[in-house]
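Have a look at the structure below before the remarks.
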Amino acid sequence: MVRVALVQEEEEDEEDEDGSDGDGGSGGPGGAAPAFDVPYFRYIDEEEETEEEEWSSSRSLSSAEDDCGTDSSPVVSNRYVVVSGTPQKILEHLLSDLRLDESQGAMQSKESEMLLDDFLLTYLVFMSTNDLCQALLGQYPFGRCRGKEEGREVLYRKRKVLHLVSQWTALYRDFLREEEHVKLFMKTLYLPGPANKALFHQLSLKENCLQLRGMQTEPREVLCRVYVTADSYLSLRTRATVLAQDLLRIVAEKMEHSEEDLVLVAVTYPGEKLLLQPHDSIFSESLTAPGRLLACRKDMSEIMKPLTDGAELGQRAIRLLGLNTWDVAVALTNFDWSLFSSIHEQELIYHTFSRQAGGGRTVALELLLQRTNDVQLWVTTEVLLCATTAKRVQLIKKFIKIAAHCKAQRNLNSAFAIIMGLTTAAVSRLSQTWEKVPGKFRKLFSELELLTDPSLNHKAYRDAFKKMKPPKIPFMPLLLKDITFIHEGNKTFLDNLVNFEKLHMIADTVRLIRHCQTDYMGGDSPEVRSCVHYLHVIDNQQVLFELSHRLEPRA
């Protein structure tokens with residue numbers, strides 16, 4: 001049984017067969033919601049089920065249609081509403097609705113195009129890749145044709161299946177490279193005869209298949225945490241192929257120590273220390289380190305004195321205070337953009353649905369999330385390691401300006417992280433310091449702080465982000481929260497049929513990545529690059545509060 005509603009252009013003024021207004025559950029209670037908002041959820045009344053396998057049509061206006069006057073909203077006109085259906089029936093409809101011209105190109109309505117995109121983006125939620133391969137084989141006509149007319153229909157059907165496969169492999173190329181059953185599936189489609197080979201060439205499927213089998217990926221980058229005390233680490237950006245000696249060289253330079261006096265140690269979970277040799281690889285193929293990495297002296301003592309006792313810490317803030325705030329914001333934005341622009345839409349799906357996690361499928365996304373956490377801790381650390389009140393005031397002013405510049409550069413990820421670093425309890429309790437911050441900076445900070453206000457489903461942030469033109473960098477933890485909320489607030493299956501309206505909402509949110517990655521966010525500031533590429537942070541909340549109370553003791 002299938003219960004599905006699809007938009008048709010000619011049905012502009014018609015209502016759903018069940019009498020609903022056809023809003024599809026994607027608009028807010030007071031009208032259309034912004035494209036980045038979590039949609040308002042609605043379940044279709046299940047009492048009107050029929051036993052006929054049919055597709056009924058209705059009219060629905062996308063929330064993005066009402067927002068198309070803004071520069072930041074993806075322009076999407078009328079869209080379909082799918083209530084539920086079996087995976088096979090949805091795939092069957094995709095193929096029956098697909099129209100091809102004589103040059104093998106697809107001629108689809110916007111609704112059908114979006115349905116196909118939604119299906120390809122989210123099929124992993126309700127079926128495995130192997131299941132999809134088997135379903136596609138079931139739709140692909142093998143065998144001989146009895147007549148000319150039948151042969152024409154069979155050929156047209158094959159072209160449709162191959163076009164869908166071409167779209168799928170183009171979208172998932174990097175993720176399908178290691179899937180053995182995908183290679184077998186492609187081989188099954190490619191081998192039957194000369195006619196199929198010709199279709200493969202015309203649709204670039206053979207090229208996609210060869211890239212799946214043989215294309216080498218670029219060396220991956222990682223954010224490596226190397227501890228220099230029990231409570232603090234350096235966050236270093238490096239390649240996954242880095243050797244122990246290369247990593248130690250970077251640490252020695254950043255910490256202003258002689259490389260010959262240092263060693264790199266992997267501390268395992270039970271506490272055993274494994275001395276790494278100069279030519280040892282740090283990361284395995286799964287991008288995991290052998291344990292917590294610790295840079296220390298050859299006698300196994302820490303590089304730095306305990307952070308609460310180091311007399312040299314008073315000089316730390318001077319280096320940052322001497323940098324131009326705009327240049328620091330540019331360097332932060334360039335770093336974030338290099339990570340964000342590498343994120344594939346499917347990473348958000350893999351991250352949300354744990355059964356698909358692992359295998360290095362969410363590397364770029366995890367790097368950006370780690371970076372967000374590092375920047376927040378870095379801001380807190382730098383303020384709390386500033387020994388004098390006057391310097392601390394200057395540093396807070398500096399960070400407020402950097403956050404404002406990040407917002408101006410449409411990098412809300414770093415802007416969010418800096419604001420949260422300044423509002424953490426260990427920093428916000430420094431009342432004597434904040435009292436000396438000039439009023440205009442406190443006002444600017446209050447305006448920036450509104451971005452983190454969670455009221456009305458983060459309305460202030462969403463409104464600000466929606467007005468920004470791409471390219472732009474969203475605050476990724478909130479975007480993942482939106483997808484998780486859609487997932488947990490709606491059933492994937494209704495009476496064993498796929499609730500495709502839920503999947504459309506997920507796909508609509510995931511597509512924001514595609515929209516934000518439009519164009520290139522360029523610019524560079526070499527003089528401050530090392531400042532933001534190698535962050536020294538304290539990740540122990542107890543130590544941070546000890547530093548805070550040392551600066552301003554509890555009354």
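What you see is a predicted model; the values in this text were computed from it and never measured.
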L176/T129 under side chain to side chain contact (heavy atoms under 4.5 Å, CB included): CA gap, chis, key distance, verdict: CA-CA 9 Å; L176 299 179; T129 298; 4.1 Å; yes
Give, for atom [atom1] of [X] and atom [atom2] of [Y], the distance between the pair rounded to the nearest 0.5 Å.
X	Y	atom1	atom2	value
E382	L422	CD	CG	11.5 Å
I418	Q376	CD1	CD	11.0 Å
T518	I513	OG1	CD1	11.0 Å
H487	L503	NE2	CG	10.5 Å
K443	I400	NZ	CD1	13.5 Å
L137	L184	CG	CG	8.5 Å

Polar side chain donor-acceptor pair, [X] to [Y], under 3.5 angstrom:
X	Y	answer
T372	N413	yes
D453	S455	yes
D131	Y123	no
H504	D118	yes
Q409	T333	yes

Contact between [X] and [Y] at the side-chain level, heavy atoms closer than 4.5 Å - yes or no?
X	Y	answer
E180	K183	yes
L535	L236	no
R157	L95	yes
R410	I473	no
S235	V537	no
R361	Q346	no
Y233	L377	yes
M468	L412	yes

Side-chain ion pair, R511 and D117, N-O less than 4.0 Å: yes
N-O pairing of D374 and R225 below 4.0 Å: yes
Does the [X] side chain pair with the main chain of [Y], one donor and one acceptor, at a distance under 3.5 Å?
X	Y	answer
Q517	F340	yes
Y172	L120	yes
S414	N411	no
T352	L348	yes
R292	A289	no
T423	M420	yes
T509	M505	yes
K472	C516	no

Closest heavy-atom contact between [X] and [Y]?
X	Y	result
F399	V379	CE2-CG2, 3.8 Å
L98	K160	O-CE, 2.8 Å
R462	N457	NE-O, 2.6 Å
V532	A331	CG2-CB, 3.5 Å
K491	K502	O-CD, 3.4 Å
D336	L368	O-CD1, 4.2 Å

Residues which pass side-chain contact (heavy atoms from CB on, under 4.5 Å) with E347, listed by chain and number, not counting sequence neighbours: F175, I343, H344, T362, A364, L365
Partner residues of H533 under the side-chain contact (heavy atoms from CB on, under 4.5 Å) criterion, sequence neighbours left out: F335, R529
Test log, rule side chain to side chain contact (heavy atoms under 4.5 Å, CB included), inputs C406 and I402: CA-CA 6 Å; C406 284; I402 292 171; 4.3 Å; yes
Parallel, tilted or perpendicular: ring planes of H458 versus F416, cut at 30 and 60 degrees: tilted
Residue pair F493, N499: steps toward the side chain to side chain contact (heavy atoms under 4.5 Å, CB included) verdict: CA-CA 5 Å; F493 294 94; N499 179 14; over 6 Å; no
Working for side chain to side chain contact (heavy atoms under 4.5 Å, CB included), residues T86 and V498: CA-CA 6 Å; T86 65; V498 178; over 6 Å; no
Derivation of the ring-ring contact (aromatic ring centres under 6.0 Å, His included) call for F185 and Y140: CA-CA 12 Å; F185 164 74; Y140 191 80; 8.6 Å; no
Neighbour count >12 (heavy atoms, 6.0 Å) for atom NZ, K401: no
Verdict with supporting geometry, W168 and F119, ring-ring contact (aromatic ring centres under 6.0 Å, His included): CA-CA 10 Å; W168 174 49; F119 179 85; 9.7 Å; no
